[in-house]
Engineer: 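Okay, handing you the structure first.
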There are 2 protein chains.
Amino acid sequence: MNLKTIASLAGVSTATVSNVINGNFHKVSEETRLRVEKIIRDSNYKPNVMARSLAKKESHLIGVVVPYLDKTEDFLTNPYNAHIVAALERLVRRHDYYVMLRCVGDPREIIPLLSSWNVDGAFFLGVFKDEVREIRQTIDIPMVFIDTYAPGEKIVNVGIEDYRGGYLSAKYLIGKGHRKLALVTPPDAGEGVIRERQQGFLDACKESNIDFNLNRDSFSCVSTYRNAVEVGQDIVFSNRGYTAVATLSDIVAFGVIEGLVQCGIRVPHDISVIGFDNLPDCDFMTPKLTSIAQDYEWKAEKAGGFLFRMIDGERDLHVDERQPIRVMERQSVRDLTQ
Amino acid sequence: MNLKTIASLAGVSTATVSNVINGNFHKVSEETRLRVEKIIRDSNYKPNVMARSLAKKESHLIGVVVPYLDKTEDFLTNPYNAHIVAALERLVRRHDYYVMLRCVGDPREIIPLLSSWNVDGAFFLGVFKDEVREIRQTIDIPMVFIDTYAPGEKIVNVGIEDYRGGYLSAKYLIGKGHRKLALVTPPDAGEGVIRERQQGFLDACKESNIDFNLNRDSFSCVSTYRNAVEVGQDIVFSNRGYTAVATLSDIVAFGVIEGLVQCGIRVPHDISVIGFDNLPDCDFMTPKLTSIAQDYEWKAEKAGGFLFRMIDGERDLHVDERQPIRVMERQSVRDLTQ
DNA sequence: AGTAATAGGTTTAGCGATTAACCTTTCTTA
DNA sequence: TAAGAAAGGTTAATCGCTAAACCTATTACT
C-alpha cells in the first residue's frame with residue numbers, strides 16, 4: 001500500500017495525493033481532496049516515513065543520548081536520568097517528533113549514529129567535558145546539552161545553578177549548627193558541574209569559617225547505590241566526628257544513609273545527610289531526605305524550547321541556561337541550634 | 001557526502017561501494033576493497049539509514065511502547081517501567097538495532113506510528129487487554145508483549161507468574177501470623193495480570209481459612225505514589241484492625257506506608273506491608289520493603305530472544321513465558337508468630 | 001477583446017541507498 | 001584448446017515520496 005496505489009485508486013497523480021497528505025490544499029480542489037482523503041482512510045494507508053525523510057531531508061527524529069557509568073549499572077537505573085528522559089520524550093512527542101533513545105559509554109560512539117539517521121536534533125544528557133568539542137566538530141545538527149559544563153564551546157546548555165547548589169547545601173547545614181562536615185563527591189571532578197558544586201560548597205564553608213578541607217573531608221564515590229553504602233561506612237570508620245554529610249546526588253545519599261545505619265548510626269540524630277536532585281524517592285523513605293531541588297519538567301521545557309528554535313532555523317544559538325534551585329527541607333538534617 | 005561521491009572518488013561504481021559496505025567481499029577484489037574502505041574512512045562517510053531502509057525494506061528500528069496512566073504521571077516516573085526500558089534498550093543495542101521510544105495513553109495511537117516507520121519489531125509494555133487484538137489485526141510485524149494477559153490471542157508474552165505472586169504474597173503474610181489482611185489493587189481489574197494476582201491472593205487465603213473478602217478488604221488505587229498515600233490513610237480510617245496490607249506494586253507500597261505513617265501507625269510494628277516488583281528502591285527506605293521479586297534483565301533477555309527470533313524469520317511464534325518469582329524478605333513485615 | 005493570473009492538475013527528476021541482470025577477463029578442466 | 005566457471009566489475013531499475021517545472025482551462029482585469 002503506497003502513494004501510487006492510492007493515486008490510481010483515486011484516479012489522480014501521486015503528486016496530488018502527496019499534496020493532500022501534506023496539506024497543500026491550494027493545489028487541490030475540495031472535491032478531489034475529499035475523495036482522496038476517503039480512500040486514504042478506507043485503505044488505512046500510512047505514508048512511509050523513510051521515503052518521506054529521504055525526499056525531504058528531514059527525519060522528525062530526535063536523538064536522546066544518555067551516558068552509562070559501567071556495564072552493570074544501567075542509565076535508567078538512575079532515577080534522575082529516567083525522569084529527564086521521561087520529560088524529554090513527552091516534550092518531543094508534543095512537537096510531533098520521535099525519540100530515538102540511545103545509551104552510550106563514550107559519547108563519541110554516537111556520532112556515526114546521529115549522522116546516518118540524520119536526526120533533526122539531539123539531546124545529550126550528563127557531563128561530556130572534552131568530548132563536547134569533538135561532537136560539535138563532527139556533526140552539525142541542532143543539539144542541546146543538559147548538565148554539561150563546557151565554557152568556551154558555543155553550545156546550548158541547560159543545567160542548574162551548580163555552584164549555588166553546593167553553596168546552599170553547605171550553608172543549610174551550617175545554618176543548622178553543623179561544623180564538622182563531610183562531602184561525598186564523584187571521583188575525578190576535573191572541570192564540570194561537579195567541580196562547580198564542590199567550589200560552591202568550599203566557598204560557603206570558608207565564608208562561615210568552617211574548617212573544611214577537600215582532601216581530608218571529602219569522600220570519593222561513583223553514583224551508584226552500592227558504592228555509596230561502602231562510603232557511608234567509610235565515613236563512620238574515618239572516625240572524624242562528622243555531624244553532617246552532604247552528597248551531590250540523591251542516589252548516593254540513599255546509599256550513604258544505609259551505610260551509616262549499618263554501622264549503628266542514627267540519621268539524623270547522630271549524623272545528618274543532605275542529598276541533591278530531589279527525586280520523588282526522597283519522600284519514600286524514613287527519614288525523608290532533605291535535598292537540593294531541581295525541576296525536571298522545567299529543564300526539559302527549556303531544553304526543548306531551544307532545540308526546536310534551532311530546528312526552526314535559528315542556528316548558532318549559544319546559551320547556558322541555569323535553573324534556579326532551592327533547598328527542599330525534609331527530615332534528614334538535624335537542627336543542632338536548638 | 002553520499003555513495004556516489006565515494007564511488008567517484010574511488011573510481012568505481014556505486015554498486016561496488018555498496019558491496020564493500022555491506023561485506024559482499026566476494027564481489028570485490030582485495031585491492032579495491034582497501035582503497036574504497038580508506039576513502040570511506042578518510043571522508044568520514046556514513047551511509048544514510050533512511051535510504052538504506054527504503055531500499056532494503058527494513059529499518060533496524062525497534063519500537064518500545066510504554067503506556068502512561070494520565071497526563072501528570074509519567075511512564076518512566078514509575079521505576080518499574082524505567083528498569084524494563086533500560087534493560088530493553090541495552091538488549092536492542094547489543095543486537096545493533098535502534099530503539100524508538102514512545103509513550104502512549106491508548107496503545108491504538110501507536111499503530112500509525114509503527115506502520116509508517118516500518119519498524120522491524122516492537123515491544124509493548126504493560127497491560128493492553130483488549131487492544132491486543134486490534135493491534136495484531138492492524139499491523140503485522142514481530143512483536144513481543146510484556147506483562148500482558150491475553151489468552152486466546154496468538155501472541156508472544158513475557159511476564160511473571162502473576163497468580164503465584166499473589167498467592168505467595170498472601171501465604172507469606174499468613175505464615176508470619178497475620179490473619180486480618182488488606183489488599184491494595186488497581187481499579188478495574190477485569191481480566192489481566194492484576195486479576196491473576198488477586199486470584200492467587202484469594203486462593204491462598206481460602207486455603208488457609210483466612211476470612212478475606214475482596215469487596216470488603218480490598219482498596220482500589222492507581223499506581224501512583226500520591227494516590228497510594230491516600231489509600232494508606234483510608235486503610236487506617238476503615239478501622240478494621242488489619243495487621244498487614246499487601247500491594248501489587250512497590251510504588252504503591254511506598255505510598256501506603258507513607259499514608260500509614262502519617263496516621264501515626266508504625267510499620268511494621270503496628271501494620272506490616274508487602275510490595276510487588278522488588279525495585280532497587282526497596283532497599284533505600286526504612287523499613288526496607290519486603291517485596292515479590294522479579295528479574296528485569298531476565299525479562300528483557302527473554303523478550304528480546306523471542307523478538308529477534310521472529311525478526312529472523314520464525315513467524316507465528318506463540319508463547320506465554322512466565323518468570324518464576326520469589327518473596328524477597330526484608331523488614332516491612334512483622335513476624336507475629338514469635 | 002486580449003492578456004494575465006489562478007485554479008487544479010500532471011510529469012518527471014531527484015533523495016541515497018540496494019540488487020538483479022549483464023558484461024568482460026582470466027582461470028579451469030575435460 | 002574450446003567451453004564453462006569464477007572473479008570483479010558496471011548498469012540501471014527500484015524502494016516510496018516530494019517538489020519543481022510544466023500544462024490547460026477558467027476567471028479576472030483593464
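Each chain gets a letter, A, B and so on, in the order its sequence line appears, and its residues count up from 1.
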Engineer: Taking the axis from the first five pairs and the axis from the last five, what angle separates them in the helix from C:dA1-D:dT30 to C:dA30-D:dT1, rounded to 10 degrees?
Structural biologist: 40°
Engineer: Please check if any side-chain donor atom of B:Thr16 sits under 3.5 Å from a side-chain acceptor atom of B:Asn19, or the reverse.
Structural biologist: no
Engineer: Give a yes or no answer on whether the side chain of A:Asn24 reaches the backbone of A:Lys27 with a donor-acceptor pair at less than 3.5 Å.
Structural biologist: no
Engineer: What is the ring orientation for A:Tyr296 with A:His83, classed by angle as parallel under 30°, tilted 30 to 60°, or perpendicular over 60°?
Structural biologist: parallel
Engineer: Quick one: side chain to side chain donor-acceptor pair (under 3.5 Å) partners of A:Asp316, sequence neighbours excluded?
Structural biologist: none
Engineer: Give me the atom names and distance for the closest heavy-atom approach of A:Glu134 to A:Thr138.
Structural biologist: O-OG1, 2.5 Å
Engineer: State which residues pass side chain to side chain contact (heavy atoms under 4.5 Å, CB included) with A:Arg33; sequence neighbours excluded, sorted by chain then number.
Structural biologist: A:Val20, A:Phe25, A:Val28, A:Glu30, A:Glu37
Engineer: Indicate, with a heavy-atom threshold strictly under 4.0 Å, whether A:Ser53 touches base, sugar-phosphate, or nothing.
Structural biologist: nothing
Engineer: Mind calculating the distance between CZ (B:Arg33) and P (D:dA7) to the nearest angstrom?
Structural biologist: 15 Å
Engineer: Reading nucleotides 12-24 of chain D from the 5' end, what letters show protein touch, with B for base, S for backbone sugar-phosphate only, - for no heavy atom under 4.0 Å?
Structural biologist: B--BBBBB-----
Engineer: Using 30° and 60° as the class boundaries, would you call the ring planes of A:His95 and A:Phe308 parallel, tilted or perpendicular?
Structural biologist: parallel
Engineer: Give the first and the last nucleotide of DNA chain C, reading 5' to 3', that has any atom under 4.0 Å from a heavy atom of chain A.
Structural biologist: C:dG8 to C:dG16
Engineer: For A:Ser13, answer base if it contacts any base atom (sugar-phosphate contacts may also be present), sugar-phosphate if it contacts only those atoms, and nothing otherwise; contact means non-hydrogen atoms under 4.0 Å.
Structural biologist: base
Engineer: Among side-chain atoms of A:Gln294 and A:Lys299, is any donor-acceptor pair under 3.5 angstrom?
Structural biologist: yes
Engineer: Sequence neighbours left out, what passes side chain to side chain donor-acceptor pair (under 3.5 Å) with A:Thr14? Give chain and number order.
Structural biologist: none
Engineer: Looking at A:Ile139 and A:Ser115, what are the two nearest heavy atoms and their distance?
Structural biologist: CG2-CB, 3.9 Å
Engineer: Between B:Thr16 and A:Val28, just flag the one whose closest nucleotide in DNA chain C comes earlier from the 5' side.
Structural biologist: A:Val28
